[in-house]
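By convention here, the first residue in the shown sequence is residue 1.
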Amino acid sequence: MRKLLCITAHPDDEAGAFGGALLLYHERGVQAYIVCMTAGTAARNRGTAQTHDDLAELRRAEFAASCRLLGVARGEVLDYPDSKLDRADLQQAVGDLVLRIRQIRPQIIITFGPDGGLTGHIDHAMAGTFATLAFEWAGRPDRYPEQLEQGLVPYRAQKLYYHSADFHLPDRQPISQPTVTARIEIGAARFEKKVQAFRQHTTQAPLFERVRKNLGQGGGAVEMYHLAAVSNPREAKLETDLYEDVVDD
Ligand SMILES: [Zn+2]
C-alpha cells in the first residue's frame, strides 16, 4: 500500500500548499495522511469565534471538511501553539512526528522547507524543520527508543520533499526557496478542487481572493517540490512524479 504523509503547520496549509499533490495521489490509489501541528488559533480572521477554543473547534472542523474534499485518509491536528512553533520543545515536537511516521509508515513525506513555503511563515519553517528531523530519526532505533517498547519498529521513509515554487509572492518579504526538483502537473480541474478545499476554511474567507490569485501564479496547474533527502543515495534529477524510484514494500 502506497502511503504519503504531509506535515503542515496550520489548517488550510493542506489545501493551499499541497492540495494538488494530495488530490493527484489519492486518485492514483495512494493513502494520504496529514499531521497539522497547530489549530491555527492565532489567525487574524476568526469567523464567528469569540474565544480561542471556539476558533480551534471551527478550524478543526474546516480542516476535516477540506481533508474530505482532498480524499485524505486521515487528518490530525496537534495542539502546538499557533505562531509560536519556534518556541515549541524540539524533542517533543520531533518525537510526536517520529511516532506518526513509525505508525503510518509512509514511503514519502511532504512538508515545508526552512524558507517557510512562499509566505515565509515561521510556523511553516518550523513544521518543516521538525519534519526533516523526524524523517531522519524515525528509522533509528537509538532515537525515541521508548516508542519501540509497544511493538513499533524504526521506519525509514524513502523520500522527503519540501514545498517550493519558481516564483516569489509579490506582496511578501522575499524568501530564499529550495530549488525546484519536481514539477507535478495537477491540471486545471484539480487546481479548482484545491481552491475549493481552501474555501472549506470559512473562517479565512477574507483571504480567499488573495489566496486564489497567489495559488494561480504561473497558471496554478503545476505544484513544485524540492527533493530534500532520500533513503537510497543518488544524484539529483528533475522529476514529474513524487513516486519515481519508490520501491513498494
Ligand atoms: Zn500556514
**Message:** For the backbone of Val77 and the side chain of Arg60, can you confirm whether one donor and one acceptor N or O come within less than 3.5 Å of each other?
**Reply:** yes
**Item:** Member of Gln196, Glu14, Gln200 meeting the side-chain hydrogen bond (donor to acceptor under 3.5 Å, both in side chains) criterion with Ser66
**Value:** Glu14
**Item:** Close aromatic pair by centroid cut-off 6.0 Å: His226 and His163
**Value:** no
**Message:** Can you list everything that forms a side-chain hydrogen bond (donor to acceptor under 3.5 Å, both in side chains) with Tyr225? Sequence neighbours excluded, please.
**Reply:** Glu223
**Prompt:** Hey, are Glu244 and Lys159 close enough for a salt bridge, meaning a charged N less than 4.0 Å from a carboxylate O?
**Reply:** no
**Message:** Tell me if a side-chain donor or acceptor on Tyr155 pairs with a main-chain N or O of Arg105 at a distance below 3.5 Å.
**Reply:** yes
**cation_pi(Arg28, Tyr25) dist<6.0 Å, angle<=45** = yes
**Message:** Check this for me, if you would: do Asp82 and Arg59 make a salt bridge, where the nitrogen-to-carboxylate-oxygen distance has to be below 4.0 angstrom?
**Reply:** no
**Item:** Residue pair Lys3 / Tyr243: nearest heavy atoms and the distance that separates them
**Value:** O-OH, 2.9 Å
**Request:** Would you check if Asn45 and Pro206 make a side-chain contact, meaning some heavy-atom pair closer than 4.5 Å?
**Result:** yes
**Proximity of Phe112 and Phe18 rings by center, below 6.0 Å** = yes
**Item:** Check: Arg46 main-chain N/O paired with Thr203 side-chain donor or acceptor under 3.5 Å
**Value:** no
**Asked** Out of Asp115, Asp13, Thr111, Thr129, which residue meets the side-chain hydrogen bond (donor to acceptor under 3.5 Å, both in side chains) rule with His124?
**Response** Asp13
**Message:** For Arg234, is there an ion pair with Glu239 - N to carboxylate O distance below 4.0 angstrom?
**Reply:** yes
**Asked** Can we say Arg210 and Asp171 salt-bridge, meaning some charged N sits less than 4.0 Å from an Asp/Glu carboxylate O?
**Response** yes
